[in-house]
*Asks:* 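Sharing a structure below in structure tokens format, with a few things to ask.
Read the numbers this way: they start at 1 and go in the same order the structure lists the ligands and their atoms. Here, residue 1 is the first one in the sequence, and each next residue gets the next number.
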Amino acid sequence: MSFKRMMEKSMRERNSSIVLALDSVPSERGGLLSASLRMLRSVHPYICAVKINNHLLLPLGLHGGVERIIEEAHSLGLPIIMDCKINDIGYTNRVIAENFFNAGFDAVTANPFVGWEDGLKPVFEAARKMNRGVILLVYMSHKASREGYGQTVYDVETNERKPQYIIFAEKALAWKADGAVVGGTYPEKIREVHEVLKENVPIYSPGIGAQGGSLRAAISSGAKYVIIGRAITLAEKPELAAERLREESWKRMID
Ligand code: BMP
């Protein structure tokens, strides 16, 4: 099954569009790995996938620690995404993607700034060969996002001017990406990107809660999945926070 279909199935079966950003911190109740596994086990009924990044990869390492989290996510029936934001030359990018796919990740994130030929093409090739997904950054959630993703690009051949994120959305469509990241802090950008992508490439939206984005606005503007970390992981009762957020997001989805 393709990553896109796997996500769709997980979302429908669990009535949840929440991708948990498992950016754990060690707690007094144990180290990073046990804190992460505990978090996953307590919130898994309310989420449809898990995403991890360098928060866990650097201290735990891929083999051993992170592979244990991948195994746990899969045993709970959850797809797992490596948010590595691949951003190098093609030769290196392929090795990065293959390492994560071989470890068991179902998808990786990548930065379209590096382009296709000798950039992200080898990542998409590796993903297609191994039946995994690639999610592209289209407009990030942080304050300075406009300095890069929000620049106006002048095309000397056509004399056209377009926002960088619209060009990235068009690339996500042309490259048949499995997802596009658009910050939940910018619902108007979600709307514009959704106009380009329609239902062909699902929008993943981080920045809800801790970064000030509204779940309601992100979903009603066209986000299909919401990536949520601290609003769940730092809550006094993460499972209650996840349950509440799931309810709120699901209500919006079926409205
Ligand atoms: P939180 O809900 O705690 O703000 O976490 C958001 C997560 O999404 C983090 O793991 C962050 O690295 C990631 N993220 C983001 O916040 N904005 C983006 O534009 C892209 C991301 O991957």
*Asks:* Could you check atom 17 (N) of ligand 1 against the protein and tell me its nearest heavy-atom contact, residue, atom and distance included?
*Replies:* Ser141 OG, 2.6 Å

*Asks:* Under 4.0 angstrom from ligand 1, any heavy atom of Lys51?
*Replies:* yes

*Asks:* For the CZ atom on Arg146, are there more than 12 heavy atoms of other groups (residues, nucleotides or ligands in this structure) within a distance under 6.0 Å?
*Replies:*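 No.
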
*Asks:* Just to confirm my output: which protein heavy-atom neighbour is closest to atom 21 (C) of ligand 1, and how far is it?
*Replies:* Lys85 NZ, 3.5 Å

*Asks:* Compute the ring centroids of Tyr139 and Phe168, then answer whether they are less than 6.0 Å apart.
*Replies:* no

*Asks:* Counting heavy atoms only, name the option from Pro206, Ala21, Ser205 that's nearest to atom 14 (N) of ligand 1.
*Replies:* Pro206

*Asks:* Report yes if some N/O of Asp83 lies less than 3.5 Å from some N/O of ligand 1; otherwise report no.
*Replies:* yes

*Asks:* Kindly state each residue pair satisfying ring pair (Phe, Tyr, Trp, His ring centres under 6.0 Å) with at least one member in residues 195-222, sequence neighbours excluded.
*Replies:*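 Of all non-adjacent pairs touching residues 195-222, those that pass ring pair (Phe, Tyr, Trp, His ring centres under 6.0 Å) are Tyr204-Tyr225.
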
*Asks:* In terms of side-chain geometry, is the basic nitrogen of Asp83 or Lys51 positioned less than 4.0 Å from the acidic oxygen of its partner?
*Replies:* yes

*Asks:* Identify, by atom number and element, the atoms of ligand 1 in contact range of Gln211, meaning under 4.0 Å from any of its heavy atoms.
*Replies:* 4 (O), 6 (C), 15 (C), 16 (O)

*Asks:* Inspect the contact between Glu248 and Arg244 and indicate whether a charged nitrogen and a carboxylate oxygen are less than 4.0 angstrom apart.
*Replies:*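 Salt bridge between Arg244 and Glu248, a charged N being under 4.0 Å from a carboxylate O: no.
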
*Asks:* Taking 4.0 angstrom as the limit, do Glu170 and Lys162 come out as a salt bridge?
*Replies:*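 Salt bridge flag = yes for Lys162 with Glu170.
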
*Asks:* What protein heavy atom is closest to atom 12 (O) of ligand 1, reported as residue, atom name and distance in Å?
*Replies:* Asn53 ND2, 3.3 Å

*Asks:* Give me the residue, atom name and distance of the protein heavy atom closest to atom 10 (O) of ligand 1.
*Replies:*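 Going atom by atom, the protein heavy atom closest to atom 10 (O) of ligand 1 ends up being Asp23 OD2, 2.7 Å.
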
*Asks:* Any pair with a residue in residues 177-192 that passes salt bridge (Lys or Arg N to Asp or Glu O under 4.0 Å), sequence neighbours left out, goes on the list, sorted by first then second residue, please.
*Replies:* Arg128-Asp178

*Asks:* Going by the atom numbers of ligand 1, which of them fall below 4.0 Å from some non-hydrogen atom of Arg230?
*Replies:*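 Numbered from 1, ligand 1 contributes 1 (P), 2 (O), 3 (O), 4 (O).
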
*Asks:* So which heavy atom in the protein is nearest atom 2 (O) of ligand 1, and how far is it from that ligand atom?
*Replies:* Gly229 N, 2.9 Å

